[in-house]
Colleague: 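Quick one: the structure is below, questions incoming.
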Amino acid sequence: MKFPLNDPQRAAVRYTDGPLLVLAGAGSGKTRVITAKIAHLIEQGANPAGIAAITFTNKAAREMRERIGAPLRRRDGAAAAPTICTFHALGLKILRREAASMHLTPRFSILDPGDIEPIVAELLATGDRARVRAAQWQMSAWKNALISPDQALARAATETEAAVARIYGGYGAALSVYQAVDFDDLIALPVAALEKDAGTAAHWQGRLDYLLIDEYQDTNPVQYRLLRLLTGSRAAFTAVGDDDQAIYGWRGATLANLEQLPRDYPSLKVIKLEQNYRSSIRILRSANALIGHNAKLFEKALWSELGLGEPIQVAPAADDQAEAESVARAIAALKFEHRGRFDDFAVLYRGNHQARAFEQALRAQNIPYAVSGGQSWFDRTEIRDLVAYLRLIANDDDDPAFVRAVTTPRRGVGAQTLEHLGRGLFAAACDGALIGTLPARQREALSEFCKMINSLRYRAEREPAGRLIDELVKTIGYEDYLFSSCDKREAQTRWESITDFVRWLSRKGEADERNLLELTQSIALLTLLEGEEGQDADAVRLSTLHAAKGLEFAHVFLVGLEEGVLPHREAIAAGNVDEERRLMYVGLTRAQRSLRLSWCKRRKRAGEWQSGAPSRFIGELAQEDLRHAETALEAGDAARDKEAGNARLRQMRAMLAR
DNA sequence: TAGAGATTAGTTTTT
DNA sequence: CTAATCTCTA
């Protein structure tokens, strides 16, 4: 084994006699344990193909694959590799095989929240996006908690909830008409398939010799059920997690899964990893002090041998712009002082929208940066356009994909023609009798469209993915469409992402030896092109706290530490401050050497200046390890006061005008 | 059908 | 106050 392991780590790697829970504190080397354990299992003679390691994000899966890659390849190059993927990717794999028992074609489409929004809007008969999203949110929560439409109706507490419950069943029906599933179904439907048929469960249990699961504290009830079904009575699994880093409660994750584990598995062995290899003593002491304010499930005390370290800086700023500027200056200074790299630095914040001020400030200082999180690469319009074609080629019941494909680029088919076709759009469009009554222009457009899709579908199983996608783009004249529908600059960048996408698909098709139809489904689960994300680029990371989990940086700037931001006001209102505290804990424990906390005295909210108070979490740290910046009144303050007064005046005038 | 102007709604985190 | 969506007009 390449890396030396400490005693508890080694114990966790070697223990394979039964279910194991590894409580891995921040920076205690949990990824090392998982990868070492996979290697250990294989050394012990396990079949690599029977091992699966499950993560929550693609990033984590990729990282683990990279870390496991080397030792595996050295052993026997051609042997089947262990499965290392996200929960959703595993669900997809299972559902592909079990689709029929769930009344689905194996070519089912996967719809993301953006695809689902119009469906839910129609069911609710509303154009109110906020309501639609709330409904999507609610139904997702029900699915993740294994609550059926009937149960939802029965227990709906408010009228709004009842209204959502009434469409919940219809939503499922709509998806099955389209032969489509949503993200939650990728876990829920495999669970249903495995529960429905003992033979199916036995099949998968037989295929899986050993299961490792990362970030166990972030599992939701459906995921736990899947875990139980897959491991069966043999219970050959290792769950790795840290209750102090549970930050996905809002997505249905529940610490009850962690509490429940020893009860469901009386023979469960628990190993704690408490030595931290990442942070200085001061950073760790503060993090421990903070998290001490939460009730704990398991007693755990992180310690470090890395030295006391620098005090943690606490600095107020006049507003978010001033905060960003001072962070940018501090980064420039530290970089100069340490001769380090830009990617030693991270700026972490609660919400994506907070990134903006920092982007501006860093750009002004010519400091390279990379924003993680934010909009997914596959969310770009042009990519969604192409993916609609792919979805339709794979699954002709996918009406939403048909609508998008047939109307982009414009080919004279609009709302009226679609109305004429009714439902089951693709079949209708290919139906000579049905379209016979349409004007010639529409009729020709539709039949040509159908011909193209059918021909591509026929060839998709026989020809390389790359060539087909290339041809598709040419056939539909997408380049011309782009350059005629938007200005040159934009068309250029969009066309570039199209060519990137085409290149990526062809490479992917060759590497995995998968055809276009098989590739189509996995696209829905991806957020980045592999190799993108400029991880090799030397740039300051701007990241949400959620997206920063699992990462580490020499210097961390934790910004926007105000009441209402962190802890977030919604969370305070909902009585969820504990999870916010864990979020802060995650942020603190990302830092290796230096940590700087900042908060804004004022912040603009919906165009209004609002005064802010420092987050209660600052007061919960180890005070002896903090160094408060001198709170000199900045010259800008007076000017800003005046501006705030002006804003109020403007608002009053606007009110009077109405 | 596209583009400009007006109006309006928004702010939590993501597979 | 933005950014995005909607609506109206050419």
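Chain letters run A, B, ... following the sequence lines, proteins first and then strands; every chain starts at 1.
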Colleague: What is the distance from CG of A:Leu583 to C1' of B:dT14, rounded to the nearest Å?
Modeller: 13 Å
Colleague: Pick out the pairs of N or O atoms, protein on one side and nucleotides 2-7 of chain C on the other, that lie under 3.5 Å.
Modeller:
| from | atom 1 | to | atom 2 | distance (Å) |
| --- | --- | --- | --- | --- |
| C:dA3 | OP1 | A:Arg356 | NH1 | 2.9 |
| C:dA3 | OP1 | A:Arg356 | NH2 | 2.9 |

Colleague: Taking the basic N atoms (NZ, or NE/NH1/NH2) and the acidic carboxylate oxygens, is any pair closer than 4.0 Å for A:Arg411 and A:Glu448?
Modeller: no
Colleague: To the nearest Å, how far apart are A:Glu117 CD and B:dA9 C1'?
Modeller: 13 Å
Colleague: Nearest whole angstrom, please: distance from the P of B:dT14 to the CD of A:Gln245.
Modeller: 16 Å
Colleague: Under 6.0 Å between the ring centres of A:Phe345 and A:Phe553?
Modeller: no
Colleague: Determine the Euclidean distance between corresponding C1' atoms of B:dT14 and C:dA3; express it in Å to zero decimal places.
Modeller: 22 Å
Colleague: Map A:Trp137 and A:Ala130 onto DNA chain B by nearest heavy atom, then report which one ends up closer to the 5' terminus.
Modeller: A:Ala130
Colleague: Is A:Thr57 near enough to B:dT14 that one of its side-chain N or O atoms lies under 4.0 angstrom from OP1 or OP2?
Modeller: no
Colleague: Can you see if the side chain of A:Asn352 gets near the phosphate of B:dT13 - specifically, an N or O under 4.0 Å from OP1 or OP2?
Modeller: yes
Colleague: Is there a donor and acceptor pair, one atom on the side chain of A:His546 and one on the base of B:dT14, closer than 3.5 Å?
Modeller: no
Colleague: Return the value, rounded to whole Å, for the distance between atom CD of A:Glu562 and atom P of B:dT11.
Modeller: 18 Å
Colleague: Hey, are A:Arg96 and A:Glu518 close enough for a salt bridge, meaning a charged N less than 4.0 Å from a carboxylate O?
Modeller: no
Colleague: Taking only Lys NZ, Arg NE, NH1 and NH2, and the carboxylate oxygens of Asp or Glu, determine whether A:Glu620 and A:Arg581 approach each other closer than 4.0 Å.
Modeller: yes
Colleague: Choosing from B:dT11, C:dC1, B:dT14, which nucleotide comes nearest the side chain of A:Lys604?
Modeller: C:dC1
Colleague: Inspect the contact between A:Asp115 and A:Arg404 and indicate whether a charged nitrogen and a carboxylate oxygen are less than 4.0 angstrom apart.
Modeller: no
Colleague: Can you measure A:Asp184 atom CG to B:dT14 atom P for me and round it to whole angstrom units?
Modeller: 16 Å
Colleague: For A:Asp128 and for A:Gly351, locate the closest nucleotide of DNA chain B by heavy-atom distance; then report the residue assigned to the nucleotide nearer the 5' terminus.
Modeller: A:Asp128
Colleague: The side chain of A:Trp250 is closest to which nucleotide in this list: B:dT11, B:dT15, B:dT13?
Modeller: B:dT13
Colleague: In whole angstrom, what separates A:Ile116's CD1 from B:dT14's P?
Modeller: 18 Å
Colleague: May I ask you to decide whether A:Asp398 forms a salt bridge with A:Arg391, counting only side-chain N to carboxylate O separations under 4.0 Å?
Modeller: yes
Colleague: Is the aromatic ring centre of A:Tyr248 closer than 5.5 Å to the centre of the six-membered base ring of B:dT13, with the two planes inclined by less than 30°?
Modeller: no
Colleague: Which listed nucleotide (B:dT15, B:dT11, B:dT14) is nearest to the side chain of A:Ala547?
Modeller: B:dT14
Colleague: Check side chain to side chain contact (heavy atoms under 4.5 Å, CB included) between A:Glu579 and all other residues, then give those that pass, not counting sequence neighbours.
Modeller: A:Trp250, A:Arg582
Colleague: Tell me if the CD atom of A:Glu359 is crowded by more than 12 foreign heavy atoms within 6.0 Å.
Modeller: yes
Colleague: Using atom CG of A:Asp218 as one end and atom P of B:dT13 as the other, report the distance to the nearest whole Å.
Modeller: 16 Å
Colleague: Quick one: label A:Phe87 by what it contacts on the DNA or RNA (base, sugar-phosphate, nothing), any heavy atom closer than 4.0 Å.
Modeller: nothing
Colleague: Figure out the OH/C1' separation between A:Tyr481 and B:dT1, and round it to whole Å.
Modeller: 11 Å
